[in-house]
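Taking it in order: structure first as structure tokens, then the write-up.
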Amino acid sequence: MAEQRAEFMYYAVTLATLVTMGLAVVRAILGPTLYDRVLAMNMFGTKTVLLLAVVAFLFGRPDFLDLVLTYALINFIGVFAVLEFFRIRAARRQDSGEAGR
Amino acid sequence: MTVLFGIFLLTLLLITAVAIVRARNLFVAVMLMGIASLLIAASFLLLDAADVALTEAAVGAGVSTVLFLSALSITSERERASSSRPLISLAVVTAAALIVIYSTFDKPRFGDPEAPVHSHVSPWYIEKTEEYMEIPNMVTAVLGSFRGYDTLGEVFVVLVAGIGVLFLLSGGPGFDSGKSPPPWAKAGLRHYLIPRVAGRLLIPFILLLGLYIQFHGEYGPGGGFQAGAIIAAAVILYALLEGEQNALKVLPRPVLIGLMAGGAILYGAVGVLGILMGGNFLDYSVLAADSVKGQQRGILLIEAGVGMTVTGVLLSIFHSFAARRR
Amino acid sequence: MNPLAAQMPALQVIVPMLMAPFVLLLPRGLSWAAAAAASLLAFGIAAQLTATVIDSGPVAYQMGSWPAPYGIELSVDALSALLLLVVTGASSLALVGGRASLAAAVGEDREHYFYAAWLLALAGLAGIAVSADAFNIFVFMEISSLASYVLVAGGPDRRALPAVFKYLIMGTVGATFYLIGIGLIYMMTGTLNLADMELRIAEVADKEPILAAAGFITVGLALKAAIFPLHVWLPNAYTYAPHIATAFLAACATKVSLYVLLRFDFFVFQQNLSGHAFQFAAYLMPLAILGILVGSGVAMFERNVKRLLAFSSVAQIGYIMLGASLVSIGGLTAATLHLFNHALAKGGLFLAIAALAPLAAGLRLKDMGGMARQAPWTFAAFVVAGLSLIGIPGTAGFVSKWYLVSAAMALGAPGIALIGVVVLGSLMAVVYVWRIVESACFGEPPENPARSAAVPRPLGAAIWTAALANVYFGIAPGLPLRLSSSAAATLLGHVPA
Amino acid sequence: MQVLGIYYYWVFAILLMIGFYAVIAKLNLVKKLIGLTLFQAAVFLLYIAMGKMEGGTAPIYGASAEAFSSPLPQVLILTAIVVGISTTALGLGIVVRIKEEYGSIQEDEIQEIDRR
């Protein structure tokens with residue numbers, strides 16, 4: 001009984017996560033600004049981490065949590081790469097703006 | 001229920017793919033690529049491919065995003081003018097799609113345990129991994145030993161990509177070692193307090209995770225390639241935080257080239273050792289008195305070689321791109 | 001048997017392959033020597049393997065000592081031996097002769113990357129030739145392709161870059177098509193080993209996935225082999241690559257893809273797809289004929305010498321396909337023999353171009369003026385190789401065309417038309433080779449006199465080796481003929497009578 | 001289960017074609033590379049889907065696992081993913097050099113410059 005209830009919960013959580021992922025994708029595609037999309041991608045990464053964690057339990061292979069950890073850290077680095085990209089872009093625009101003047 | 005999950009993820013994937021092709025801004029396309037890659041990785045996990053899911057996430061969402069962004073920050077992010085001959089292209093594509101869909105008629109039922117894929121070669125691997133190697137992860141067993149020659153080839157594909165990027169970006173008008181890059185190019189995110197603190201805190205853990213994935217690959221999902229990508233990602237994170245120049249001080253270019261060449265040589269040397277000890281190339285069972293021990297030792301060594309080469313190549317490529325920003 | 005002899009198929013690949021990372025680590029001055037030594041050693045191994053194959057038939061090798069369908073198997077038969085000779089021979093000649101020319105094109109500070117990539121291209125091509133595993137062929141195809149992108153990108157002209165980008169895109173699409181094809185076959189048979197595949201595919205031969213797989217593999221490999229109309233990446237890639245790299249790639253890169261195509265068509269599909277002979281005749285023969293005519297036709301009007309020769313390569317690939325599409329002993333002998341002979345002729349021509357290039361800045365026809373007087377010996381070798389390309393009796397090119405013509409003759413009436421095509425193609429070759437000779441002998445020398453007329457000794461030696469080989473194999477075609485007729489017999493042995 | 005099976009192959013076909021369309025129709029070189037990545041990803045999906053076995057689990061010996069999905073397609077795709085990223089990296093290197101030499105990453109503009 002308890003197991004069944006746990007499995008039901010796993011399914012419910014997975015479903016909820018999937019819906020959130022869908023929403024994040026919608027935001028990423030619609031935009032409108034770049035920052036919306038960056039945020040959406042970051043959120044999507046987080047949701048993937050959650051999804052995989054739940055699925056690992058659902059499949060009865062909790063050893064897959066290693067994978068989840070990797071996803072979380074990779075996602076983190078991805079955000080930093082984007083931040084650096086924005087920084088360089090801003091700096092370059094400033095440079096070329098000054099050169100233009 | 002899992003059927004529904006699968007269908008949902010795949011549908012999202014298709015929508016994202018269309019959005020990627022339609023996006024005018026290349027930066028947006030790269031962001032969406034990251035999402036698509038995570039969707040693919042999640043689908044892989046639902047299909048029982050844990051190792052592949054790990055690789056796809058590390059490569060698709062991690063490495064390839066970083067590479068595309070580095071390239072975009074040198075080139076430009078707007079896509080001008082749309083497409084050439086869209087109608088002809090669409091016709092070609094539709095024709096090819098019909099052939100592909102035609103080809104899926106009369107294929108074995110999805111998941112059928114009697115399908116040739118599951119009944120011919122695979123059962124041998126599933127059965128013999130235990131007997132010959134005594135390691136739980138069959139993917140690592142097949143990758144490292146049964147089809148170790150493919151993996152050797154894979155390492156050299158990575159190596160040639162590294163050589164190629166180094167070759168291309170060590171010439172041409174953008175290459176000028178005498179000129180120092182503008183101050184903004186080398187600063188990194190050093191002046192932003194929160195990213196810096198949070199990032200620096202995480203680097204050791206990422207390195208630790210990388211080492212874990214490297215040496216745990218025989219027991220769980222993971223292995224040299226994934227570990228190499230993760231370790232490279234940790235160093236790239238350091239470079240993003242502290243500036244590329246400082247990362248080069250920690251791991252200078254010659255060290256990186258040494259890593260990439262050394263890993264490939266290590267892999268090859270293990271293979272040649274097999275010949276010298278009286279077996280065939282890449283025969284690990286002769287490496288120790290006990291053939292099971294020999295196999296385990298061989299797989300451990302070649303995975304280390306893969307990890308070294310991948311780390312070296314990814315970092316060399318990253319630095320080559322970063323050096324071009326001016 | 002000597003224990004090392006049993007390891008030859010593996011050594012053939014790993015000698016050049018493992019030398020590549022060492023080239024990265026060695027002091028800069030040694031990189032050329034290391035590359036040339038590894039390449040010569042590989043040539044020695046290829047010669048040894050050829051001798052073994054001639055003496056005692058095909059050699060098989062189990063990687064990692066795992067039994068065949070589970071582990072990866074290597075196998076060397078007459079066809080692969082022929083190809084190995086071409087690949088390692090072209091690489092060795094080009095490397096030995098090409099040091100100065102490459103240093104000028106690539107620049108000494110990044111030379112070592114170039115030589116490492118060269119070795120990996122060589123290892124990749126050799127790896128395809130010895131492999132008996134469908135997926136392993138894909139992996140080595142990618143090594144050789146990525147490495148050859150690097151080689152082409154080493155060209156001094158900036159136009160090399162768009163050319164190599166196109167090459168990369170089309171090459172990757174081709175390789176991915178091939179991957180889809182073997183995926184579908186794997187889905188239906190559960191195996192990747194070619195010999196095992198041949199057995200197991202018989203049960204499912206008429207299912208749709210196999211038909212689609214045949215299509216994907218053929219199109220993918222045709223892209224890589226630059227079979228007309230999928231050749232568009234080739235002319236620019238050959239034109240803007242460093243001259244020595246062009247000599248190497250023109251001699252063997254597309255040939256290896258052709259080899260894989262032949263292997264799949266004859267070993268895996270031929271006996272299993274109904275009406276296969278008909279398919280060959282129906283689809284590949286017209287393409288081969290069009291390739292010969294269009295390639296030669298464009299070459300006749302081309303003004304850049306390297307591009308002219310590149311279009312001629314498209315035509316020559318047409319001859320090889322034409323021979324194969326006859327699906328007869330004679331046709332296949334002619335095809336495999338032409339594979340060898342064309343490599344000799346084209347390799348020699350491009351090597352000579354490398355020697356003449358410093359004298360003729362843009363390598364357009366009008367830049368060639370006075371070449372025959374400025375560098376008479378080199379130009380004489382160029383003419384010898386050119387005659388072989390045309391197929392003049394006494395040169396290697398004649399032998400393969402002769403076999404092609406006699407194979408076509410066996411067909412009866414339709415064969416006459418094919419002979420017509422071969423003769424017409426050869427006449428067109430006379431025209432485009434003559435255009436070069438004409439401007440070199442009678443053209444006005446360019447206004448600024450040449451910077452240096454001296455051809456480096458090793459390059460001269462390499463050019464004359466190639467030219468004399470063209471004559472030698474034209475008069476005594478024993479070795480390649482033996483290999484190619486044995487290869488033809490093996491290929492046809494897989495076709496039900 | 002069968003619906004999902006068919007759906008996997010259809011998604012493979014459609015994704016393949018979306019990527020292929022981007023490769024042949026788009027003029028921007030980076031976009032071409034992005035298309036190439038999608039194109040290859042579709043093939044990965046084909047292989048992994050054929051390796052799935054009903055009732056199987058990931059091919060790692062575990063406490064309760066008895067039936068396993070096939071490890072071989074997974075190994076092949078691991079290699080293919082690595083090959084894919086290598087190609088992309090080399091392609092991006094070429095694009096960067098093209099941008100420096102021509103000041104553009106649009107195919108039509110580059111052809112225009114060369115014709116001059």
Side-chain angles (χ1 to χ4, degrees), chain B residues 3 6-7 10 14 17 21 26 29 33 40 44 47-52 55-56 59 63-64 67 71 74-75 79-81 83-84 86 89 93 97 100-101 104 110-111 113 117-118 121-122 125-126 136-139 142-143 147 150 154 157-158 161 164-165 168-169 172-174 225 317 324, chain D residues 1-5 7-9 11 13-18 20-22 24-28 30-31 34 38 41 48-54 56-61 68-72 74-75 77-79 81-83 85-86 88-90 92-97 99-100 105-106 108:
Chain B
V3 176
I7 290 185
L10 291 176
L14 284 185
V21 176
L26 292 172
M33 276 299 289
I40 293 173
F44 286 166
L47 290 169
D48 295 341
D51 284 86
V52 188
T55 315
E56 176 64 34
V59 165
V63 176
S64 118
L67 288 184
I74 307 169
T75 57
E79 181 188 356
R80 220 192 37 74
S83 29
S84 68
S89 314
V93 162
V100 177
I101 289 175
T104 59
F110 174 68
V117 172
H118 301 294
V121 173
S122 287
Y125 293 134
I126 294 172
N137 190 347
M138 292 165 238
V139 175
V142 178
L143 186 86
R147 292 185 71 89
D150 271 351
E154 170 193 324
V157 171
V158 174
V165 172
L168 280 165
L169 298 187
F225 184 79
I317 292 177
R324 288 278 165 155
Chain D
M1 202 69 180
Q2 264 328 283
V3 184
L4 185 61
Y7 198 60
Y8 267 112
Y9 292 104
V11 168
I14 298 170
L15 191 59
L16 189 75
M17 290 312 137
I18 293 174
F20 194 37
Y21 177 79
I24 56 179
K26 292 289 170 181
L27 293 170
N28 185 293
V30 175
K31 204 58 171 287
I34 290 177
L38 281 177
I48 299 294
M50 75 174 79
K52 166 76 180 166
M53 182 163 84
E54 207 163 9
T57 175
I60 301 172
Y61 296 120
F68 300 101
S69 289
S70 173
L72 186 53
Q74 303 189 10
V75 172
I77 288 317
L78 275 178
T79 307
I81 289 178
V82 177
V83 169
I85 185 72
S86 306
T88 309
L90 194 56
L92 283 174
I94 299 170
V95 171
V96 167
R97 291 276 280 113
K99 169 74 180 179
E100 287 173 358
I105 50 168
Q106 293 283 132
D108 46 345

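Computed from a prediction, not measured in an experiment: that's the story for all the values here. Each chain gets a letter, A, B and so on, in the order the sequences are listed, and its residues count up from 1.
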With a 4.5 Å limit on heavy-atom distance, are the side chains of [X] and [Y] in contact?
X	Y	result
R147(B)	T79(D)	no
D150(B)	V75(D)	no
I94(D)	L168(B)	yes
P71(D)	I126(B)	yes

For the residue pair [X] and [Y], what are the closest heavy atoms and their distance?
X	Y	answer
L90(D)	A161(B)	CD1-O, 4.2 Å
L169(B)	R97(D)	CD2-CG, 3.8 Å
G51(D)	H118(B)	O-CE1, 2.9 Å
T75(B)	K99(D)	CG2-CB, 3.6 Å
K52(D)	L47(B)	CB-CD2, 3.8 Å
A49(D)	F110(B)	O-CE1, 3.2 Å

Let's test your reading of the structure: which of [options] forms the most heavy-atom pairs below 4.5 Å with chain B?
options	value
G93(D), P59(D), A22(D)	P59(D)
I14(D), T88(D), V83(D), I81(D)	I81(D)
V82(D), V11(D), L38(D)	V82(D)
L78(D), L15(D), L16(D)	L78(D)

Distance from [X] atom [atom1] to [Y] atom [atom2], nearest 0.5 Å?
X	Y	atom1	atom2	value
S122(B)	L72(D)	OG	CG	5.5 Å
I105(D)	L26(B)	CD1	CG	6.0 Å
I77(D)	D51(B)	CD1	CG	13.0 Å

- What pairs with S86(D) under side-chain hydrogen bond (donor to acceptor under 3.5 Å, both in side chains), at least two apart in sequence or on another chain? none

- Task: Check whether any side-chain N or O of Q74(D) sits under 3.5 Å from a backbone N or O of D48(B) as a donor-acceptor pair, and report yes or no.
- Result: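 The answer is yes, because a donor-acceptor pair under 3.5 Å joins these two groups.
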
- Which atoms of L92(D) approach chain B - backbone, side chain, both or neither, heavy atom under 4.5 Å: both

